[in-house]
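See below for the structure under consideration.
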Amino acid sequence: MSKTPLLDTVTYPADFRGFDVAQLRQLADEVRTETIDAVSVTGGHLGAGLGVVELTVALHHVFETPRDILIWDVGHQCYPHKIVTGRRDRMRTIRQGGGLSGFTKRSESEYDPFGAAHASTSISAALGFCAARDQRGDDNKVVAVIGDGSMSAGMAYEAMNNAAETTRQLMVVLNDNDMSIAPPVGGMSAYLAKLVSGGAYQNFRRFGKQVVDHLPRPFRDAARKAEEYARGMVTGGTFFEELGFYYIGPIDGHDMETLVPILKNAAAIDDRPVLVHVVTQKGKGYGPAENSADKYHGVVKFDVVSGKQAKSISNAPSYTKVFGTELIKRAERDPRIVAITAAMPSGTGLDLFGQAFPKRTFDVGIAEQHAVTFAAGLAADGMRPFCAIYSTFLQRGYDQVVHDVAIQGLPVRFAMDRAGLVGADGATHAGSFDIGYMGALPGMVLMAAADEAELAAMIATACEIDDRPSAFRYPRGDGVGVEIPELAAPLEIGKGRIVREGTAVALLSFGTRLQETLKAADLLAARGVSATVADARFAKPLDEELILRLAREHEALVTIEEGAMGGFGAFVLQMLAEKGALDAGLKVRTMHLPDTFQDQDKPELMYAEAGLNAEHIAARALAALGIDRAAGAVRA
Ligand SMILES: Cc1ncc(C[n+]2csc(CCOP(=O)(O)OP(=O)(O)O)c2C)c(N)n1
Ligand SMILES: CC(=O)[C@@H](O)[C@H](O)COP(=O)(O)O
Ligand SMILES: [Mg+2]
């Protein structure tokens with residue numbers, strides 16, 4: 001007996017466009033069941049999707065998707081959307097190699113008109129669609145669904161500011177569940193809470209809707225005008241009204257009875273953009289999620305009955321945990337140390353730091369641009385700020401790194417977590433570009449930890465750098481199990497280290513590819529080829545003395561990095577060329593991520609696909625030496 005008899009009859013939205021409210025409610029319940037069941041098998045983002053099940057069904061019921069455009073902000077809440085847009089049968093492949101993306105993705109479906117994953121892009125993208133349709137005289141609706149957390153990013157306001165003058169076709173659905181990954185922060189969150197708590201509005205709204213819906217058209221418009229002003233007075237939705245939006249809400253985002261008629265009414269408003277403020281509950285309908293502090297934002301496989309998540313076995317702490325605990329040690333000794341996160345306290349390990357130093361921890365919301373310049377202000381006024389932002393999300397604040405930090409030579413310390421390939425989150429979250437984009441900046445000190453002990457040493461090093469910006473990168477996941485000193489000693493800036501002496505080829509690693517590089521040296525030794533292994537530690541300033549020595553003493557030099565082209569290897573090549581070290585015929589190979597956006601898979605499989613594992617490194621060294629690898633143990 002199917003748990004989802006009605007959903008079993010649905011493949012696409014057209015299949016439920018004729019449903020009545022009772023059927024829509026049942027369909028939503030079944031979509032919720034299916035979402036929980038699928039994610040219990042795959043892991044992934046759960047809480048956000050559970051919170052928009054009714055909204056998803058109502059939106060696809062009211063709007064003629066895919067002709068009407070529906071854009072999800074971030075896209076982590078899109079699992080119910082994927083279930084009702086022809087992808088239910090592939091839901092258990094989500095975030096796996098060859099499987100569905102964990103976010104909306106254009107190449108995956110016509111129901112995904114715009115890809116997402118980084119927050120706060122939906123209104124801008126939707127405006128683009130509106131402008132294109134305006135050009136064609138196409139009056140299909142364009143809907144952007146954006147969360148309250150994602151409304152803390154400046155980009156959302158840039159778009160809303162622009163919307164007022166440029167479109168009548170846009171509907172913004174503000175999905176307000178009073179959660180980001182952590183509880184939301186900032187003035188907008190407080191404002192929304194005030195709107196929602198305006199209990200008087202809830203009653204007025206219910207009455208207002210009933211009256212308005214039953215008036216003949218000419219009166220309806222007048223009544224709507226009256227309602228609008230009354231609403232403005234009662235609820236203060238005027239912030240959005242002042243931006244030129246027709247504000248409707250807050251309404252219960254789980255009540256199909258309310259959602260459907262109001263979305264229909266809102267869709268009929270064609271003289272200005274509309275903002276529908278829906279109130280939802282992250283994790284709705286699944287006890288373990290509802291009762292969890294993070295509402296099961298991101299989960300691994302779990303038991304549906306108990307909600308118990310599978311435990312990962314590891315003999316080493318995560319790099320994130322090492323960062324959080326090491327920074328606490330430093331902050332205990334130095335009151336100038338403060339920490340900044342852009343809505344990612346748990347992801348960056350600053351939740352630990354925040355428990356220890358609540359007054360020295362700043363969660364600025366999803367606002368990386370602001371986070372960087374805020375940190376610059378702190379540094380300018382004598383503090384030692386650690387700005388902890390995933391490599392991929394730091395891209396959002398790059399101009400601020402250049403303009404507000406580097407040009408002024410301000411000692412902001414950037415803790416760039418999730419450097420390199422991240423696995424299930426795929427291309428949008430890969431930390432591929434920070435070596436190039438940070439290493440290009442004059443004065444920047446750029447480090448990459450080869451293991452967790454090195455990370456501790458780099459944190460110690462960054463603490464002492466007060467005359468310029470510094471950055472250190474480290475990957476998602478667990479360390480390699482090396483001993484971390486109680487108090488790591490700072491490194492000498494711009495100095496790498498020889499890890500293993502050899503003669504024929506030098507393998508120069510930057511970051512955690514060091515483990516694979518050491519394995520490559522073993523493979524080469526089995527072929528009678530002696531390899532030196534060096535850990536660069538710094539991409540800027542380069543250890544020129546060490547690299548020139550490696551160039552002088554070896555026939556070939558291979559650089560290895562967990563970053564895109566134009567990074568560490570490029571810096572080394574440029575330096576060697578400038579110093580004339582290539583003139584003597586040194587054979588140099590630079591190994592980096594491929595010049596493609598790699599889809600999600602397990603990180604180790606993605607690195608194999610990228611050609612950055614031990615076999616690949618050994619093969620590249622043999623090729624550089626002109627040794628035919630076919631004759632021996634190395635296969636790659
Ligand atoms: C630019 C950027 N910064 C940080 C993140 C990490 N992130 C993913 S979802 C999320 C919270 C989003 O909150 P909200 O928009 O309210 O959506 P909800 O999860 O509550 O549905 C954050 C911070 C991101 N995806 N993009
Ligand atoms: C949707 C989003 O951007 C975050 O939830 C991100 O997926 C977190 O990544 P980690 O799981 O690496 O912390
Ligand atoms: Mg939210």
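Remember, it's 1-based here, ligands and their atoms both numbered in the order they're listed. Remember, it's a predicted structure, so these values are computed and weren't measured experimentally.
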What are the atom names and distances for all N or O pairs under 3.5 Å between ligand 1 and the protein?
| residue | atom | partner | partner atom | Å |
| --- | --- | --- | --- | --- |
| ligand 1 | 3 (N) | Glu368 | OE2 | 2.7 |
| ligand 1 | 15 (O) | Ser150 | N | 2.9 |
| ligand 1 | 15 (O) | Ser150 | OG | 2.6 |
| ligand 1 | 16 (O) | Asp148 | N | 3.4 |
| ligand 1 | 16 (O) | Asp148 | OD1 | 3.0 |
| ligand 1 | 16 (O) | Gly149 | N | 2.7 |
| ligand 1 | 16 (O) | Met179 | O | 2.8 |
| ligand 1 | 19 (O) | His76 | NE2 | 2.7 |
| ligand 1 | 19 (O) | Lys282 | NZ | 2.6 |
| ligand 1 | 20 (O) | Asn177 | OD1 | 3.0 |
| ligand 1 | 20 (O) | Asn177 | ND2 | 2.8 |
| ligand 1 | 20 (O) | Met179 | O | 2.9 |
| ligand 1 | 21 (O) | Asn177 | ND2 | 3.3 |
| ligand 1 | 25 (N) | Ala117 | O | 2.8 |
| ligand 1 | 26 (N) | Ala119 | N | 2.9 |

Nitrogen or oxygen atoms of His429 and ligand 2 under 3.5 Å apart
yes
Run the salt bridge (Lys or Arg N to Asp or Glu O under 4.0 Å) test against Glu609 and tell me which residues pass, sequence neighbours left out.
none
Aromatic plane relationship, Phe357 with Phe353 - under 30° parallel, 30 to 60° tilted, over 60° perpendicular
tilted
Run the side-chain hydrogen bond (donor to acceptor under 3.5 Å, both in side chains) check on Thr320 and Asp417 step by step: do they pass?
CA-CA 7 Å; Thr320 301; Asp417 197 340; 2.6 Å; yes
Protein contact to atom 13 (O) of ligand 2 [nearest heavy atom, distance to 0.1 Å]:
Tyr390 OH, 2.6 Å
Charged N to carboxylate O below 4.0 Å: is that the case for Glu108 and Lys82?
yes
Using a strict cut-off of 4.0 Å, indicate which atoms of ligand 2 neighbour a heavy atom of Phe393.
3 (O)
His277 vs Tyr247, test: side-chain hydrogen bond (donor to acceptor under 3.5 Å, both in side chains). Steps then yes/no.
CA-CA 7 Å; His277 179 185; Tyr247 171 84; 2.7 Å; yes
Atoms in ligand 2 flagged as close to Asp425, the criterion being non-hydrogen separation under 4.0 Å
6 (C), 7 (O), 8 (C), 9 (O)
In terms of the angle between their ring planes, are Phe103 and His429 parallel, tilted or perpendicular, with boundaries placed at 30° and 60°?
parallel
Distances under 2.8 Å only: what protein N/O/S atoms are near the Mg ion (ligand 3), ordered by chain and residue?
Asp148 OD1, Asn177 OD1, Met179 O
By the definition side chain to side chain donor-acceptor pair (under 3.5 Å), identify the one residue from Glu454, Glu562, Glu452 that meets it with Thr512.
Glu562
For atom 10 (P) of ligand 2, the protein heavy atom that lies nearest, with its residue and separation
Arg418 NH2, 3.5 Å
Would you check, one step at a time, whether the test side-chain hydrogen bond (donor to acceptor under 3.5 Å, both in side chains) holds for His60 with Thr85?
CA-CA 9 Å; His60 280 295; Thr85 54; 5.5 Å; no
In a table with atom names and distances, give each donor-acceptor pair under 3.5 Å that connects a side chain of residues 397-404 to protein atoms at least two apart or in another chain.
| residue | atom | partner | partner atom | Å |
| --- | --- | --- | --- | --- |
| Tyr398 | OH | Tyr437 | O | 2.5 |
| Asp404 | OD2 | Thr373 | OG1 | 2.7 |

Would you call the rings of Phe239 and Tyr157 parallel, tilted or perpendicular if under 30° counts as parallel and over 60° as perpendicular?
perpendicular
Hey, what's the ring geometry for Tyr191 with Phe240, parallel, tilted or perpendicular (30° and 60° as the breaks)?
tilted
Taking non-hydrogen atoms only, is Arg476 closer than 4.0 angstrom to ligand 2 via side chain, backbone, both or neither?
side chain
In the protein, which heavy atom is nearest to atom 1 (C) of ligand 2, and how far is it?
His45 NE2, 3.4 Å
Heavy-atom nearest pair, Glu290 first then Gly285, reads OE2-N, 2.6 Å
Cation-pi between Arg513 and Tyr607: NZ/CZ under 6.0 Å from ring centre and within 45° of the ring axis?
yes
